[in-house]
Amino acid sequence: QTKRHEDMRLGAALLALVAVLCTLGAVDAGSVDKNEKHRMHGTKPNVVILFADDLGYGDLQVYGHPTTQTPNIDRLAASGIRFTQWYSAFHVCSPSRAAMLTGRIPIRSGCAGASWTGGVFRQNAVGGLPLNETTLPSLLPDYATAAAGKWHLGQRPQFLPTSRGFDEYFGIPYSVDMGDSAWRTNNEVPLPLLSGETVVEQPANLDTLSVRYANFTNNFITKSAAANKPFLLYMAHSHVHVPDFVSVSYCNHTRRGTFGDALYEMDWLIGQILDSLKNNGVENNTIIFFTSDNGPWLIQKLQGGSAGLLRDGKTTTWEGGIREPGLVSWPSRITPGVSPEVVTTYDIFPTVLSLAGVPVPSDRIIDGRDMSPVLFDNAPTAHECLFHYKGSPGLGCPKKHPSCPGLWAVRCGAFKLHYVTSSWTTGANNGQFHDPPLIYNVENDPSENFALPANSADYKAAFATITAAVAEHQRTLKPVPNQMALGINNDFNVCGCPNSKHTYPKFPNCTCNPDNFQLFVCDSNNDGADMRTGGIFP
């Protein structure tokens with residue numbers, strides 16, 4: 001009996017100890033979440049951001065496409081985490097890029113478009129990413145920083161990368177279809193190629209562009225590694241935006257037509273960057289992010305991409321317009337695998353700052369969340385809700401809806417609500433209002449085919465949660481100047497040779513390199529391959 005009492009006392013003591021430990025564990029867990037820094041904080045890795053243009057969720061081999069060729073992107077995926085629920089901040093180019101570089105959804109910076117259906121900065125835009133927005137490179141004084149490729153956040157000097165925190169820039173300041181080239185003419189100013197703020201070629205020779213991007217990025221990585229200085233490289237690809245330009249080497253190289261050829265050339269460039277990291281001995285101290293600005297431009301048909309199983313594409317707030325391929329690799333630190341956690345492009349901002357040991361700005365709302373726990377500990381997402389804007393509220397509203405919303409969709413947990421929807425088949429500027437709103441369980445139904453019945457328990461619970469979240473979110477918004485509504489002005493076109501008509505009367509004004517209108521242009525069709533030479537102007 002004495003032994004039994006002793007066992008009981010021991011058991012009680014153990015239970016008490018477990019209770020105390022559990023309590024302490026709960027306190028410690030809470031303090032880690034709120035106050036303590038992640039163990040990777042301040043490790044100062046090199047950072048490479050690979051940003052595709054108009055790439056769909058279903059376009060890569062590693063995401064299931066049967067005929068595209070992306071061996072280097074697949075190599076990147078095999079060495080890191082492949083996310084299945086990675087979201088862009090927006091459904092078109094400029095706003096999503098603004099969010100990535102600031103950690104803030106576009107409505108906060110005035111970059112959500114000139115109307116309630118969105119928009120981008122034109123090639124002669126008055127506005128750009130506001131100068132009072134703090135960009136990622138500007139917060140990394142210990143880093144060498146470079147941007148290459150498509151910018152699309154304002155082409156005026158004060159908005160270009162070297163005025164927004166980057167040490168170097170080499171690229172085209174907007175989309176490759178926004179200027180005349182051998183590959184496409186719109187009766188616009190010839191497509192410029194910049195080094196810093198200086199025009200080095202106009203129109204740009206798109207046939208050699210990928211090779212020159214490879215040289216630029218390799219030189220930057222090499223000199224940064226030689227100086228033993230951490231670096232941030234932002235490679236914003238012009239691929240796979242139309243026109244699907246490629247060099248002679250990649251013309252008719254894949255079974256996916258010109259789009260597949262352009263994707264394969266982008267993959268080659270990514271392979272060159274990966275090889276440069278390895279050759280310079282910095283591969284194991286470099287974190288690499290790969291994603292796209294928005295979904296596929298379906299109106300371009302076979303010249304555009306594929307959203308795979310997701311509904312619709314670019315210019316919509318359906319999953320196909322905003323859910324993207326997303327890869328993160330750091331060979332020495334990240335365990336390879338697949339993650340279903342919800343993360344976003346604007347999470348890159350606080351994640352990089354955390355790894356660099358730099359505080360997130362405290363004078364403004366940052367919508368991004370540090371991905372470190374997800375990347376290194378397989379922890380759950382820190383996002384409770386995502387707010388998917390189609391455009392700016394109250395601008396260009398239809399007569400039947402004079403108070404039209406900019407916020408078209410919201411995802412909280414597994415449930416996604418649509419107030420308004422559009423489709424690429426009916427046009428980007430048309431919206432269908434839903435009363436009551438549509439709600440889908442996008443974890444069960446990622447294709448958004450089966451809306452929940454409005455009288456179901458799941459619908460009512462999700463609607464209540466999302467309604468409360470939207471109200472709280474809207475309380476955090478402040479009026480800011482709408483940058484895209486500032487309009488356009490031809491005086492702000494990028495023009496390296498403003499009097500070129502005197503020298504080259506047969507070519508558009510601002511032509512500095514007339515030979516670049518007479519280039520090899522690849523064309524493929526269902527009958528096979530056809531290679532022709534450009535020569536748009538006589």
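Under the side-chain hydrogen bond (donor to acceptor under 3.5 Å, both in side chains) criterion, Ser224 pairs with no residue at all, not counting sequence neighbours. Applying the salt bridge (charged side-chain N to carboxylate O under 4.0 Å, His left out) criterion to Lys278, with sequence neighbours excluded, gives no partner residue. For Phe259, the ring-ring contact (aromatic ring centres under 6.0 Å, His included) criterion is met by no residue, not counting sequence neighbours. Taking Asp54 as the reference, Lys314 meet the salt bridge (charged side-chain N to carboxylate O under 4.0 Å, His left out) condition, with sequence neighbours excluded. Applying the side-chain hydrogen bond (donor to acceptor under 3.5 Å, both in side chains) criterion to Arg164, with sequence neighbours excluded, gives no partner residue. Remark: Glu384 engages no residue in a salt bridge (charged side-chain N to carboxylate O under 4.0 Å, His left out) (not counting sequence neighbours). Looking at residues two or more places apart in sequence or on another chain, you find no side-chain hydrogen bond (donor to acceptor under 3.5 Å, both in side chains) involving Trp116. With sequence neighbours left out, the side chain to side chain contact (heavy atoms under 4.5 Å, CB included) criterion links Thr291 to Phe51, Trp86, Glu324, Thr345. Every residue was checked against the salt bridge (charged side-chain N to carboxylate O under 4.0 Å, His left out) condition with Asp347, not counting sequence neighbours, and none meets it.
More than 12 heavy atoms of other shown residues, nucleotides or ligands fall within 6.0 angstrom of atom CG in Leu477.
Between the side chains of Asp177 and Trp183, no donor-acceptor pair of N or O atoms lies under 3.5 Å. A donor-acceptor contact under 3.5 angstrom links the side chains of Thr117 and Ser115, judged on distance only. There is a side-chain donor-acceptor pair under 3.5 Å between Asn46 and Thr286.
Within the structure, the salt bridge (Lys or Arg N to Asp or Glu O under 4.0 Å) test picks out no pair touching residues 417-427 (sequence neighbours left out). The salt bridge (Lys or Arg N to Asp or Glu O under 4.0 Å) contacts involving residues 290-311 comprise Arg97-Asp293, where partners must be two or more places apart or lie in separate chains. Note on residues 281-292: no pairs pass salt bridge (Lys or Arg N to Asp or Glu O under 4.0 Å), not counting sequence neighbours.
A salt bridge does not link Arg104 to Asp367: none of the charged side-chain nitrogens sits closer than 4.0 Å to a carboxylate oxygen. Salt bridge status for Arg256 with Asp261: absent, with no side-chain N to carboxylate O gap under 4.0 Å.
Ring geometry for Tyr264 versus Tyr250: interplanar angle over 60°, hence perpendicular rather than tilted (30 to 60°). Using the six-membered ring where Trp is involved, Phe387 and His473 have ring planes that are parallel, under 30° apart on the 30 and 60° scheme. Classified by interplanar angle (parallel below 30°, tilted 30° to 60°, perpendicular above 60°), the ring pair Phe231/Phe220 is perpendicular.
Relative to the ring axis of Tyr63, Arg82 places its NZ or CZ within 45° and under 6.0 Å from the centre.
Aromatic ring centres of Tyr87 and His388: separated by under 6.0 Å.
When each of Glu319, Glu443, Glu341, His383 is checked for a side-chain hydrogen bond (donor to acceptor under 3.5 Å, both in side chains) with Gln85, only Glu443 meets the rule.
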